[in-house]
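Below is one structure, written out as structure tokens; the observations come after it.
Order of the sequence lines sets the chain letters (A, B, ...), proteins ahead of strands, with each chain counted from 1.
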Amino acid sequence: MSEGAERKVLVDVRNLKKHFSKSKDLWGRTTEVLKAVDGVSFQIRRGETFGLVGESGSGKSTVGRCLLRLYDYTDGEVRFDGQDLTKLGEKQLKPFRRRIQSIFQDPYSSLNPGMNVLELIGEPMNIHGLYPGDERKEAVATLLERVGLKREHLYRYPHEFSGGQRQRISIARALSVRPDFVVCDEPISALDVSVQAQVVNMLEDLQSEFGLTYLFVAHDLSMVRHISDRIGVMYRGRLVEVADSDELYDNPLHPYTKALLSAIPVPDPHAVSERIAWTGETADSEAHALREASPGHFVALPE
Amino acid sequence: MTERLLTARDLRVSFHTRDGDNQAVRGVSFHIDAGETVGIVGESGSGKSVTAKAIMSLIQPPGEVIGGEIEFRGENLTGLSERKWRKIRGNQIAMVFQDPMTSLNPVKKIGEQMTEVIRRHRGLSRDAATEEAIRLLREVGIPEPERRIRQYPHEFSGGMRQRVMIAMALSCQPELLIADEPTTALDVTIQAQILELFKRLKDNPDTAVILITHDLGVVAQVCTRVIVMYGGMIMEEAPVEDIFYRPQHPYTIGLLRSVPKRGGGTRERLVPIEGTPPDLLDPPPGCPFITRCPHAMDKCKELPPMFHIGPGHRSLCWLAEKDHPTVADVKAEGEDADV
Amino acid sequence: MNRTRWQNLRSELLANKFGIVAIVILAVFTLSAIFAFLSPIDPNQLDVTAKLQSPNAKHWFGTDDYGRDYFTRALYGGRVSLLVGFASMIIATGIGVVIGVVSGYFGGRLDNLLMRILEVFLSIPSFLVLLLLSVFLHPSVGNIIVIIALLMWMNIARIVRAETMSLKTREYVLYAKASGQSAFGIVSKHILPNLVPVIIVGATNNIASAIMMESSLSFLGFGVQPPNATWGSMLNNAQGYVAYAPHLALFPGLLILLTVLSFNILGDILRVGFEPKLGRR
């Protein structure tokens, strides 16, 4: 995105680290540490979609959850719209909890089975005191229609919907408090191919309509390219490459990115793809910080 | 003309639920030739996995095979006793599942599990079986198989476990290997390795493969022939080239359009199939795709016959009526309609 | 909880013949315990001329060694037995749910502490405590209820804790947290309602064991004191007459057996009924 460079940075992640204790001794002291996220820095500009890809265990979901402050991070800083969220307590954080919303992966576990659609979408409105009283039902119904569901779905329960429809409910719920930034944690991974496209298109439409900024966490590389303006590739808790999405796909620099891209099964029987193997990090690849290889294209490789 | 290995005729499977019968498979007919790799593609609820289980006679209550027959090497397998089935499973037809951990015994070493199978099926001595296990593990790309056979399943990563499962399935030299979403639970780089394995199997004339998947990319890479399922029926069947370059059925076309194209740039609009799959408790009487099809017409309320598009290519859609004969007509004229 | 879950449960109960029998038995027992006072006979009225009678038209369950009408005594005895069962179940469930939810939801040190306390309770031989306490305390119905409850809450606490820990990783809980929902809001809106199935199942099984405990206690003579009867104390009194008046042991024994069995069957059916079933796919 050419004008992207001038846009204001909305989310600024600096050297984020999140370590989990893997095992503890008798006294509850940590003896072994899992470095799920180990020094990650990136910026997301207002109105753009930043894709975060990686395989299982790369730490991509943990980054998303740190931005949602579901975890306290071990080290580093997250600035949102200029404000450092790192040291805020739950009370000062509350306005940001409205502005930062989330959509999760599993359409079955992301909606409380005991609540109907009105209660589900109304919950965040309740928390932040939006649309009180009679306005509520109308606001929720409007949102439902916006995400392609119907007004008569208001009093239905999650089990009465298909996976794709549930994900639409999740989207409506996230939008109900007019957020600026939405963390989408693998929102289409559990959906059928034909339905994935519906949801991706809807996310794109809503983005331009409401001026949303997205962090799109995913392992499906072909879809990520589709929706993201810029993409960061994670490997074992670190970012190995960050670039505009077309640049990343056409001109990958890091061997891991190359391996990842070459592994996508192309839906074309004539495509000759040569798979590039990645044998794990070489002795020197891990230690490197991101450096700008070409304008806007960062890679964790030695010069 | 290659040898016919398996024929399924008008297979029907229902699941009896509290709310009625879920008609998961509603009259599916196809065949598999020796040595070929056939992909069955479909979304969740299309009936693809249930079809595979029906072939293996693995449908458990509340599911029930309510009709159709399966012929393997000219022998009708319908109504065979469970004892005879156990002989066929593993020996002639083997299966690999999505989650390898559920089909491996966690407290037994990999080597023990493999040699047990090999010895039971092939009557080899202990040493010969161990050697064979090592050879198979090497063949599926497990490094240091001599050391690995002395390890337990939990010491293997997901991808490695799936390879072990494939090695075990191959250990009894089956004529047909059914793989149900073998790479769905794996990371892309691992998936690519497993797919390489299937590509190699494709060239093996002794083992035919049925690969069940929702991923069109996987099908394109690995299969020679493709069966597209939707709503418990076969919508289209064709050689892999025809499916990707000359798809006939609106569902196939829609499915292909809804995945990002290769080289398709950022923000290129996807074309989804609108709507949701049919409720199989109460499926629409005609074409199952009628509710989502952009070409739906009055006639679609009646189930179309299979139309013969070309050699090995058939489509269950009225759109083909004008230019193509039905498969039944072609058959009546004595030509080989391939089913 | 939503409608279909209850519907599933109902169809599961109705489909199970044992379930219907269990419900009928428990309903009859409960109603007869509640309306025991309608019986024209005083349960404690002595009639030495008519002692140790076998069941007959006038005395349906016969009479005991003091000539009291055994049927009426069984009615009143059921009152105490069922009251103790229900009341200690409610107290035990209350304690168990609070401790289980707190422990499971907040985790960390608090969890550690609560679980150690729980283990201490578990490792106390409950019968010894019952006996000791009934020596020091006046063995009133109220005391017995509290004591039994204190010896029973651990099971529910454990189940609730495990379920809470699993529920709190559900994505809808994560969403609520990320949206700024308070801990109280999360527990009351997202955790507790989804705990209802395990609580009901646990509670049902608890009633059964409470009734058993009370019976054993009374059987040993440390329960509710004479002349008031419970099924356990009736069984205790019957000891000396097993040879020539076996009905004295038979009736209270059968009543205890049927009640405990019915609650256990009900608990089992509820457990199955609450499990998600292969439904629409």
Side-chain angles (χ1 to χ4, degrees), chain A residues 24 27-28 61 64-71 90-91 93-116 119-120 123-129 155-163 166 169-170 173-174 176-177 179 182-183 185-187 190, chain C residues 1-9 103 105-116 119 163-200 273-281:
Chain A
K24 288 177 178 173
W27 314 110
S61 282
R65 288 175 186 195
C66 282
L67 296 197
L68 292 169
R69 263 296 284 274
L70 285 171
Y71 305 139
E90 198 54 50
K91 209 173 165 192
L93 214 52
K94 201 169 174 191
F96 294 98
R97 293 219 180 267
R98 179 188 70 76
R99 297 178 65 192
I100 305 173
Q101 280 285 308
S102 53
I103 302 167
F104 287 98
Q105 172 180 7
D106 182 357
Y108 292 85
S109 111
S110 57
L111 303 175
N112 186 340
M115 288 163 83
N116 67 31
E119 291 163 341
L120 284 166
E123 185 187 16
M125 294 176 165
N126 246 342
I127 297 170
H128 297 287
Y155 296 103
R156 301 258 180 98
Y157 286 84
H159 72 270
E160 296 172 71
F161 295 95
S162 69
R166 289 177 200 217
I169 297 171
S170 287
R173 178 175 65 179
S176 67
V177 287
V182 183
V183 174
D185 188 0
E186 307 230 25
Chain C
M1 296 293 283
N2 49 47
R3 278 163 301 143
T4 41
R5 257 217 242 154
W6 290 113
Q7 277 164 10
N8 289 352
L9 196 60
S103 203
Y105 187 74
F106 295 101
R109 278 195 197 154
L110 190 59
D111 176 37
N112 227 326
L113 179 76
L114 289 172
M115 284 307 106
R116 294 300 85 75
E119 277 157 19
E163 189 70 11
T164 305
M165 284 166 72
S166 126
L167 286 174
K168 82 171 176 184
T169 62
R170 298 279 159 91
E171 288 177 350
Y172 57 79
V173 173
L174 293 182
Y175 174 81
K177 224 187 247 180
S179 294
Q181 182 68 275
S182 62
F184 178 78
I186 289 173
V187 168
S188 62
K189 288 181 84 169
H190 297 292
I191 306 270
L192 276 179
N194 290 300
L195 282 174
V196 170
V198 298
I199 296 175
I200 290 182
F274 279 123
E275 263 168 21
K277 269 281 174 63
L278 183 86
R280 285 164 182 264
R281 283 163 50 104

What part of [X] is in contact with chain C, defined as an atom under 4.5 angstrom from a non-hydrogen atom: side chain, backbone, both or neither?
| X | value |
| --- | --- |
| A/D185 | neither |
| A/E119 | neither |
| A/L111 | backbone |
| A/R65 | side chain |

A/P113 to C/N194 - nearest heavy-atom pair and separation: CG-OD1, 3.6 Å
Nearest heavy-atom neighbours spanning A/I127 and C/S179: CG2-O, 3.6 Å
Leading residue by heavy atom contact count with chain A [cutoff under 4.5 Å; candidates C/A176, C/S182, C/G180, C/A178]: C/A178
Let me confirm one number: the [atom1]-[atom2] distance from [X] to [Y], rounded to the nearest 0.5 Å.
| X | Y | atom1 | atom2 | value |
| --- | --- | --- | --- | --- |
| C/E171 | A/S109 | CD | OG | 4.0 Å |
| A/R97 | C/Q181 | CZ | CD | 11.0 Å |
| A/Y71 | C/K177 | OH | NZ | 9.0 Å |
| A/E123 | C/Y172 | CD | OH | 11.0 Å |

Side-chain H-bond candidate by donor/acceptor type, C/Y175 with A/Q101, under 3.5 Å: yes
Within 6.0 angstrom of C/R109 CZ, more than 12 heavy atoms from elsewhere: no
Any donor-acceptor N/O pair, A/N112 side chain to C/P193 backbone, under 3.5 Å: no
Residue selection (most heavy-atom pairs with chain C, distance under 4.5 Å) from A/N126, A/V177, A/D106: A/D106
Which of A/Q105, A/R69, A/R98 touches chain C most, by non-hydrogen pairs under 4.5 Å: A/Q105
